[in-house]
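Here's the structure, in structure tokens; my notes come after.
All values reported here derive from a predicted model rather than from experimental measurement. A, B, ... follow the sequence lines: proteins, then strands. Residue 1 opens every chain.
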2 protein chains.
Amino acid sequence: MSDVAMQQDPPLVGREALPGNGEVARIELIAVVIAVSADTPLVLTRAEGTLLPAGPLETRHRSLQAGLRAWVEAQTGHPLGYVEQLYTFADRNRGGAGRTISISYLALARESRPLPGAAWQDWYRYFPWEDQRSAEGRALAAALAARLQVWAGGETARRERVEVCFGLGGLPWNEELVLARYELLYEAGLAGEAARDAHLPPPTFAAGMMMAFDHRRILATAAARLRAKIKYHPVIFELMPESFTLFELQRTVEAIAGTKLHKPNFRRMVESQNLVEETGEVAAAGRGRPARLYRFREAVRRERASAGTRLPVVRA
Amino acid sequence: MSDVAMQQDPPLVGREALPGNGEVARIELIAVVIAVSADTPLVLTRAEGTLLPAGPLETRHRSLQAGLRAWVEAQTGHPLGYVEQLYTFADRNRGGAGRTISISYLALARESRPLPGAAWQDWYRYFPWEDQRSAEGRALAAALAARLQVWAGGETARRERVEVCFGLGGLPWNEELVLARYELLYEAGLAGEAARDAHLPPPTFAAGMMMAFDHRRILATAAARLRAKIKYHPVIFELMPESFTLFELQRTVEAIAGTKLHKPNFRRMVESQNLVEETGEVAAAGRGRPARLYRFREAVRRERASAGTRLPVVRA
DNA sequence: TCGTCAATACTCAGAGAGAGTATAAATTGG
DNA sequence: CCAATTTATACTCTCTCTGAGTATTGACGA
């Protein structure tokens, strides 16, 4: 797929005239803005970390993305760079006519100082079980898996979902299943939003920090997409400064993926793909041998597009 | 990402109350329904192949997907099975207030007899250069690439796009770049829609069959997604009958991907991934040794979800 | 019965991934 | 100033996967 093109809104061409019986809806634009600071993935939030930047599409907005950028900048002071569309949801407005369509986006950024009322939050506050780099995260995931097995009981479909999502029974942990894991926890009542949405009193135990509405679900969708995407598309550089060491790059990937990587093999992978080039400088020394600084090779954009995944094609 | 979940509309939970200044928009639902008949990928169309099934979201529709399914069935008589969201576009209505938001979907199906007014069309009528299985398709792609190089002239950015998209200069043909190639052709005026949208007279040469509005662009988006997806997710089985031979499976993949595959290696790949199991029967003999029949293994859904792509993780 | 055709089975070399070890270049503490 | 420590970088060694080609099997038909 043309990723570069998908980041832009397509050209405006006329569409089929709709008959008059079509309902009208309000359009809400929601942004998941991700950055990484050292070892911590960050998400840009409002209202003490309970809301994602969002706002309605207005007449003055020339496109969906333009509207999104305007709202994020107004609410957080942060101008957006890389943006891609995530998913479009609909729900009926309660106690009112019409419906709201929510169009969610993933944006990648470098950390900055947000406006008052907005703040970067550690992404793992919302999904602590996703941090498989630390023993605590792994322990929490195991504990949640155990609770989910109890919840699943004798239903094999549920048991299998738990096994796949949490890497039980010899299956590996798959860091991409962020959304599937959150959905399991929601269904089992282990996400705080489940009781809230059912108008029940808060449960005695809830995993991770809640958000308002379905914003944590959108956050899970964004994280799943990002964790999948860094493996086949060099978007990780959207999160990096101009120059960086290979180990800083590795730790950024680790922060996003929530797993530890094998240093020599990571280095070999990056170098063999010609993703980076040396700047000729070395990092300001801390302890140990100083690391060389690298920058993203511009030509990568071109070459990466021609990579893709593999089928056993026959060559002429 | 949780693909199974993404195919469903998420649970309806309340969203942020929007201030009154939000614009309202009409919502249009558009479906790209794909099937494969022997060697030919098919797309479900209306109006002599110039329109995709589409219709406005109405109050009676309980969800976006429900609305989509209702429209497709009403217009074509074809009930939808597998459905996934593609992309959401916006454009201003000409000569009217408000805006239309178009939400496009990819659906996979098995061929059926559509209602009068609807018809399955060979997908390659719209994108003949995408059929790299045949010498004619490859020749057309080469001819278009030559025209595009002339159009690009001295602009290196354009030249590089042409090289990547059409596999020039030693680069391989990447079948996933359907949308990027269509966009190039549109920009260069080699797609009929370009002149139409610019209110110019029809050009002397136009590649592939046109569609109304931006429906061919949506079709390109769907094809790009499908070509990418069959490589890492067993969606191909949505297009297959209950039982099939391995070579029929291969030809279905070839029809979608537009490339020839290496038979022994394709067979090894399918078998090594435990995607299928033998039914015990053999296909009704034509010429040559009769082929064994296979069926899709249900357990695959579970196992595939745990696959994903690779990072050099470190194992405990 | 033999030739043809398509399905199925096997082989082999090279690339790549996982895992571990060795060396280099800096800081820090005696 | 030297040695211990720390971190970066380089190298090695399997084992699996993949691309590519060849061989065998089982049907039909002349």
Whole angstrom is fine here: how far is it from [atom1] in [X] over to [atom2] in [N]?
X: A/E281; N: D/dA8; atom1: CD; atom2: P; value: 18 Å
X: B/K260; N: D/dG19; atom1: NZ; atom2: C1'; value: 18 Å
X: A/L261; N: C/dA19; atom1: CG; atom2: C1'; value: 14 Å
X: A/N265; N: D/dT9; atom1: CG; atom2: C1'; value: 14 Å
X: A/L249; N: D/dA8; atom1: CG; atom2: C1'; value: 15 Å
X: A/R267; N: C/dG20; atom1: CZ; atom2: P; value: 19 Å
X: A/E248; N: D/dT7; atom1: CD; atom2: P; value: 14 Å
X: A/F247; N: C/dA24; atom1: CZ; atom2: P; value: 22 Å

Any donor-acceptor pair under 3.5 Å linking the side chain of [X] with the backbone of [Y]?
X: B/R138; Y: B/Q132; value: yes
X: B/R181; Y: B/C165; value: yes
X: A/E242; Y: A/R295; value: no

Legend entry - Donor-acceptor pair under 3.5 Å, A/R268 side chain vs C/dG18 base: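 Per atom types, the contact qualifies.
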Legend entry - Nearest-0.5 Å distance, CG of residue A/L239 to CD1 of residue A/I34: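 A/L239 CG to A/I34 CD1: 8.5 Å, rounded to 0.5 Å.
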Legend entry - Below 4.0 Å: OP1/OP2 of C/dA7 and any side-chain N or O of B/K263: yes
Legend entry - N/O (side chain, A/R292) to phosphate O (OP1/OP2, D/dA10) under 4.0 Å: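 A/R292 to D/dA10 OP1/OP2: side-chain N or O found under 4.0 Å.
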Inset, instruction - Choose from D/dA10, D/dA20, D/dT7 the nucleotide whose nearest atom is closest to any side-chain atom of B/H262. - result: D/dA20
Legend entry - Nearest listed nucleotide, side chain of A/P264, among C/dG20, D/dA8, D/dT9: C/dG20
Inset, instruction - Considering only NZ, NE, NH1 and NH2 on the basic side and carboxylate oxygens on the acidic side, decide whether A/K229 and A/E84 come within less than 4.0 Å. - result: yes
Legend entry - With sequence neighbours excluded, residues passing ring-ring contact (aromatic ring centres under 6.0 Å, His included) with B/Y294: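 Partners of B/Y294 under the ring-ring contact (aromatic ring centres under 6.0 Å, His included) test: none.
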Inset, instruction - Classify the side-chain pair B/E111/B/S37 by whether it contains a donor and acceptor separated by less than 3.5 Å. - result: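 Side chains of B/E111 and B/S37: pair found under 3.5 Å.
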Legend entry - Heavy-atom protein contacts under 4.0 Å, nucleotides 25-30 of chain C, coded B base, S sugar-phosphate only, - none: BBS---
